[in-house]
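A short worksheet on the structure shown next.
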Amino acid sequence: MTSMSRARVARRIAAGAAYGGGGAGLVGAAAVGLLLAEVRLARRHVGNGSGGRVPTAQGVYGHAYDVPGEPPLRLAMLGDSTAAGQGVHRAGQTPGALLASGLAAVAERPVELRNVALPGAQSDDLDRQVALVLSSRDPLPDVCVIMIGANDVTHRMPPTRSVRHLSAAVRRLRTAGAEVVVGTCPDLGTIEPVQQPLRWLARRASRQLAAAQTIGVVEQGGRTVSLGDLLGPEFEANPRELFGPDNYHPSAEGYATAAMAVLPTVCAALGLWPADEERPDASRREGFLPVARAAAEAASEAGTEVTAAMPTGPRGPWALLKRRRRRQVPEAEPARPSL
């Protein structure tokens, strides 16, 4: 599917989400049925993508930057098993811990992590997760990172419904005053036991949803980072290293790769990234585009950021597409319990 046709599909899905219509399907019904059967078989084969213990990573990171009387930055993780960090054994290997440690190093300030993500969650669980974040006695997070979408595809949630739930979550968090960064639907075509042609269908469905998610998120004032096939090239070359023991969830190295891609956008959302890197770099194919086209391009290239730009243009809202330089994420030290 070309970028332009993906943009049109994403625009229809996002419009259906906004206005309550049925919207466009991701792929044909028969193809979806085959895809789901294959993915579920794959999940049984590799040990089922749900269940298993998830390390508890909540707490304060960046102890070396403690300043008496200065509160830590606050980071909240929401979403599914990828946001929770399922598939690794140590808390410091989870994406939340890695992002908290990286953010602390950039800000030179401690970061308090709270994780309400739920393995197996679909986008309709975000309402519950956002309520946990906003109803907490703890202060509001400075930034929230959401990773969601894969279970929506494998459980046949209509894409308009998926995007509607995600957009509502972003709107509530932004209205409350938190910055929001969303890691969009990953590429299900990288799951090893899924074979062609269903691998292609999985990739197509994932990218269509990711593009539609981007439109919904950007229109609510959030930023997105395409996870896409971020692990694809490394997975093809060394699948045992980039995926965990179940071949479904990322390994420690895989989560570190994803965290490296998301960290610059988290820092930029908080005004912590160098100002000269905020300007689009034509040599990196960055620039201002209609939001649907930016969303489609981002879905095709992992690690690409999309954020709102000019409010309107000839084709509707515009966005800035960035291909930020990834930053090495420091190894997470043990978290200090939150007070």
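Residue numbers run from 1 in the order of the sequence given. The analysis underlying the following values was restricted to heavy atoms, covering all of them including side chains, and did not include hydrogens, waters or symmetry mates. Computed from a predicted structure; not experimentally measured.
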For this session: For the pair Val218 and Thr307, evaluate side chain to side chain contact (heavy atoms under 4.5 Å, CB included) and give the outcome as yes or no after the intermediate values.
Result: CA-CA 6 Å; Val218 169; Thr307 187; 5.8 Å; no
Rounded to the nearest 0.5 Å, how far does [atom2] of [Y] lie from [atom1] of [X]?
X	Y	atom1	atom2	value
Met157	Asn151	CE	CG	9.0 Å
Leu98	Gln93	CG	CD	8.0 Å
Asp66	His63	CG	NE2	7.5 Å
Gln129	Met77	CD	CE	10.5 Å
Thr304	Glu297	OG1	CD	8.5 Å
Leu113	Leu73	CG	CG	12.5 Å

Exercise. If you measure from the Lys or Arg side-chain nitrogens to the Asp or Glu carboxylate oxygens, is any gap between Glu286 and Arg324 under 4.0 Å?
Worked result: no
For this session: Answer yes when Asp152 and Arg161 have at least one side-chain N-carboxylate O distance shorter than 4.0 Å, and no when they do not.
Result: no
Hey, does the side chain of [X] reach the backbone of [Y] with a donor-acceptor pair shorter than 3.5 angstrom?
X	Y	result
Arg204	Gln208	no
Gln220	Val170	no
Lys322	Arg279	yes
Ser300	Ala296	yes
Asp124	His165	no
Ser167	Arg164	no
Tyr255	Gln86	yes
Glu219	Gly216	no

Within one Ile-Leu-Val-Met-Phe-Trp-Tyr cluster: [X] and [Y], side-chain cutoff 4.5 Å:
X	Y	answer
Leu166	Leu118	no
Leu320	Trp318	yes
Leu126	Val116	yes
Leu75	Val225	yes
Tyr65	Leu103	no

Minimum heavy-atom separation for [X] and [Y], please, with both atom names.
X	Y	answer
Ala169	Val130	CB-CG2, 3.7 Å
Arg285	Glu301	NH2-OE1, 3.5 Å
Gly149	Gln213	CA-NE2, 3.9 Å
Cys185	Ala150	SG-N, 3.9 Å
Leu209	Ser162	CD1-OG, 3.8 Å
Val306	Ala294	CG2-O, 3.8 Å

Exercise. Which is it for Glu179 and Arg174 under the side chain to side chain contact (heavy atoms under 4.5 Å, CB included) test, yes or no, and what are the steps along the way?
Worked result: CA-CA 6 Å; Glu179 297 293 337; Arg174 292 290 293 131; 3.8 Å; yes
Do [X] and [Y] have side chains that approach each other closer than 4.5 Å (heavy atoms only, starting at C-beta)?
X	Y	answer
Tyr61	Pro110	no
Pro72	Val111	no
Cys144	Leu78	yes
Met147	Val182	no
Glu305	Arg223	yes

For this session: Walk me through it: do Glu70 and Arg109 pass the test side chain to side chain contact (heavy atoms under 4.5 Å, CB included)?
Result: CA-CA 9 Å; Glu70 182 177 356; Arg109 185 173 165 186; 3.4 Å; yes
Problem set entry | Residue that, paired with Ile146, satisfies side-chain contact (heavy atoms from CB on, under 4.5 Å) out of Val181, Leu173, Thr224, Thr184 |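 It is Leu173, the one option of Val181, Leu173, Thr224, Thr184 that forms the side-chain contact (heavy atoms from CB on, under 4.5 Å) with Ile146.
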For this session: Could you please spell out the steps behind the side chain to side chain contact (heavy atoms under 4.5 Å, CB included) verdict for Thr175 and Arg172?
Result: CA-CA 5 Å; Thr175 299; Arg172 289 175 64 193; 5.8 Å; no
